[in-house]
Student: 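The structure under discussion is supplied below as structure tokens; questions concerning it will follow.
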Amino acid sequence: MAARFTIAKFRWIVAGLLLFSTMINYTDRVTLSVLIGSIQRDLGLNDFDYSQVLAIFLFSYAVMYAISGYVVDRLGTRRGFAIFAFGWSVSQMLHGLISSKWSLAGCRFLLGLSEPGNFPAATKAIREWFPVGERALGVGIFNAGSSLGAALASPLAAGLAVRFGWRAAFLFTGALGLVWLGFWLLLYQPPFYSRWLSPGERATVQPPSKLPKRIAGPSPWSKLLHNRACLILMLVRFLSDPVIYFVIFWLPAYLEKERHFDLATIGRYAWMPYVFGDVGYIAGGWLSGWLIKRGFTLSSARKGAMAVGACLLPAAILAPLVQAPGAAIAAMCVVVFGNAVWVANLLTLPADLFEEAAVGTGAGLAGMAGSFGGILANIAIGYVVSRFSYLPVFVLAGVVHPISVLLIYRLIPAKSFIVQNPSIQETASAF
């Protein structure tokens, strides 16, 4: 019988797949914010119309975030992820057919129903494939895709729009997800079933005697909603998620209206903060893993890394106060870097706090709360910037993360973590 072909360190291939899915996911959602000036002119929309469209997207995104986690827990990571990736790719391509505010809103609603599935599924995949000391790095890698996608969206969407029109940008970016889906179906299985996994790595990521858990009944909604750690995660994401939504959805509009950038200039410069986000995701994941290797408890390592990120967010207050546009972009680079360090560890917490069969659902509930925070924030932002200025928005963006990290330190004790001392567990080297 022929020897089975395996791939060394296959878990990092999995992390790469998750990175690319998140990159495409964010490219799809950010394309609208890059092109909104052209779309507003063609369809006759104002800023308040835009804020309503964003609210519709975020409403469907918020509701489906919790449901998508449940779907992934029930169907498994491979099938659940595939369904959502197909859905958001087709929804993105439909944007090329819009003709009014409400057809745009309908496409964003469909996008919101499918895009959130990426994150519970990716978190669950990290739980399946990575030992505890590497989880935050794995989460950091796949979340780096969000900054890569947001950075790619600016030059890609602007370039396609200038050359072929803004409708072509939606068609092209949507098609990218269908290409990724083919690779996902070819390569991904849980470790116990993977044909690509070497025996040595299998022992690292999944003990051979341990089958993946299957859910026979409903996911533990009631148990999670009575779990204090889950409720605090929901509150913290409700407070802090709107900051990155503001950067994604409103930074290009701010640069155009307040800093007088044209579309080509936005394409050249709006991607820069997201490069710092890429570095922040990897650095944040590495930092908590490094602290674990130095003997810190899992609780202390995650919270310490999050505190480092949160301390950088007050730089947002400087962005509207500095005179030079370049200085404003530099301040936002610091903001996005700090948020990335924060998120790399925040999104790892469901895998640290909940049993494997509930990781997707727990991540979904937390993400739902963050999306509802984004809904309220974006409606408020549309009102504030149309009647006052961007300054109050930047001030709030600078203070919510420090408040949030204090809540985590105070209200999620070390005993809430499933693993108390990961240093006694065997962990593989990062690469």
Side-chain angles (χ1 to χ4, degrees), residues 17-36 38-39 42-43 50 53-72 74-122 124-125 142 145-146 148-150 152-153 156-157 160-161 164-188 248-249 360 364 367-368 371:
L17 278 172
L18 300 176
L19 181 149
F20 278 106
S21 74
T22 308
M23 181 184 75
I24 294 168
N25 186 287
Y26 262 74
T27 299
D28 287 355
R29 77 177 66 183
V30 175
T31 293
L32 176 64
S33 66
V34 174
L35 302 177
I36 190 59
S38 299
I39 295 171
D42 285 356
L43 303 185
Y50 178 47
V53 169
L54 293 181
I56 289 169
F57 165 76
L58 288 170
F59 177 79
S60 63
Y61 190 93
V63 172
M64 198 61 192
Y65 215 135
I67 296 173
S68 66
Y70 172 80
V71 169
V72 169
R74 289 301 297 264
L75 297 183
T77 310
R78 183 175 186 269
R79 285 188 294 168
F81 214 144
I83 290 169
F84 289 114
F86 179 80
W88 87 61
S89 300
V90 172
S91 300
Q92 177 74 353
M93 296 175 75
L94 289 175
H95 283 66
L97 304 177
I98 63 173
S99 59
S100 67
K101 168 185 173 180
W102 296 113
S103 61
L104 173 60
C107 288
R108 297 309 281 185
F109 181 82
L110 292 176
L111 193 70
L113 290 180
S114 48
E115 280 207 323
N118 180 87
F119 298 95
K124 192 172 181 70
F142 89 68
S146 62
L148 281 172
L152 177 65
L156 179 61
L160 287 169
F164 302 108
W166 55 263
R167 296 180 188 275
F170 289 108
L171 293 172
F172 182 84
T173 53
L176 291 176
L178 299 179
V179 174
W180 176 87
L181 180 58
F183 285 98
W184 174 257
L185 294 174
L186 174 66
L187 294 173
Y188 191 85
I248 292 168
F249 294 131
M368 177 189 69
S371 297

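Please read all numbers here as calculations on a predicted model, not as lab measurements. Numbers here simply count residues along the sequence, with the first being 1.
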Student: Under the side chain to side chain donor-acceptor pair (under 3.5 Å) rule, collect the residues that match up with Ser114, sequence neighbours excluded.
Tutor: none
Student: Is Ser60 reaching over with its side chain to a backbone N or O of Phe109, donor-acceptor style, under 3.5 angstrom?
Tutor: yes
Student: Testing the basics here: between Pro116 and Gly112, what is the closest heavy-atom pair and its distance to 0.1 Å?
Tutor: CD-O, 3.0 Å
Student: May I ask you to decide if the ring planes of Trp88 and Phe81 are parallel, tilted or perpendicular, using 30° and 60° as cut-offs?
Tutor: tilted
Student: Of the non-hydrogen atoms in Pro120 and Gly69, which two are nearest, and what is the gap between them?
Tutor: CB-CA, 3.7 Å
Student: Enter the distance from Asp28:CG to Phe170:CZ here, rounded to the nearest 0.5 Å.
Tutor: 9.5 Å
Student: Report the distance from atom CD1 of Ile83 to atom CG of Leu181, rounding to the nearest 0.5 Å.
Tutor: 10.5 Å
Student: Just checking Trp184 against Phe20, ring centres under 6.0 Å apart?
Tutor: no
Student: Atom CZ in Arg79, atom CZ in Arg74: separation rounded to 0.5 Å?
Tutor: 10.5 Å
Student: What's the separation between atom OG1 in Thr173 and atom CE in Met93, rounded to the nearest 0.5 Å?
Tutor: 9.0 Å
Student: Given 3.5 Å as the limit, does a donor-acceptor pair link the side chain of Thr22 with the main chain of Phe142, or not?
Tutor: yes
Student: State, with a plain yes or no, whether a side-chain heavy atom of Ile56 is found less than 4.5 Å away from one of Trp102.
Tutor: yes
Student: Closest approach of Ala169 and Leu160, non-hydrogen atoms and distance?
Tutor: CA-CD1, 3.8 Å
Student: Judged by atom type as modelled, is there a donor-acceptor pair below 3.5 Å linking the side chain of Arg167 to the main-chain atoms of Ile98?
Tutor: yes
Student: I would like to know whether Arg108 and Arg29 meet side chain to side chain contact (heavy atoms under 4.5 Å, CB included); could you show each step before the answer?
Tutor: CA-CA 9 Å; Arg108 297 309 281 185; Arg29 77 177 66 183; 4.2 Å; yes
Student: Check Tyr65 against Ser371 and note the closest heavy-atom contact, atom names and distance.
Tutor: CD1-OG, 3.7 Å
Student: Walk me through it: do Phe57 and Leu32 pass the test side chain to side chain contact (heavy atoms under 4.5 Å, CB included)?
Tutor: CA-CA 11 Å; Phe57 165 76; Leu32 176 64; over 6 Å; no
Student: Which pair of heavy atoms, one from Val34 and one from Ala157, lies closest together, and at what distance?
Tutor: CG1-CB, 4.2 Å
Student: After noting the C-alpha distance and the side-chain angles of Gln92 and Leu111, does the key distance pass the side chain to side chain contact (heavy atoms under 4.5 Å, CB included) rule?
Tutor: CA-CA 7 Å; Gln92 177 74 353; Leu111 193 70; 4.0 Å; yes
Student: Heavy atoms only: give me the nearest His95-Leu104 pair and the separation to one decimal.
Tutor: CD2-CD1, 4.0 Å
Student: Tell me if a side-chain donor or acceptor on Trp180 pairs with a main-chain N or O of Leu17 at a distance below 3.5 Å.
Tutor: yes
Student: So, taking the atom named OH in Tyr50 and the one named CD1 in Ile36, what distance separates them when rounded to the nearest 0.5 Å?
Tutor: 5.5 Å
Student: How many angstroms lie between atom CG of Leu18 and atom CG of Asn118, to the nearest 0.5 angstrom?
Tutor: 7.5 Å
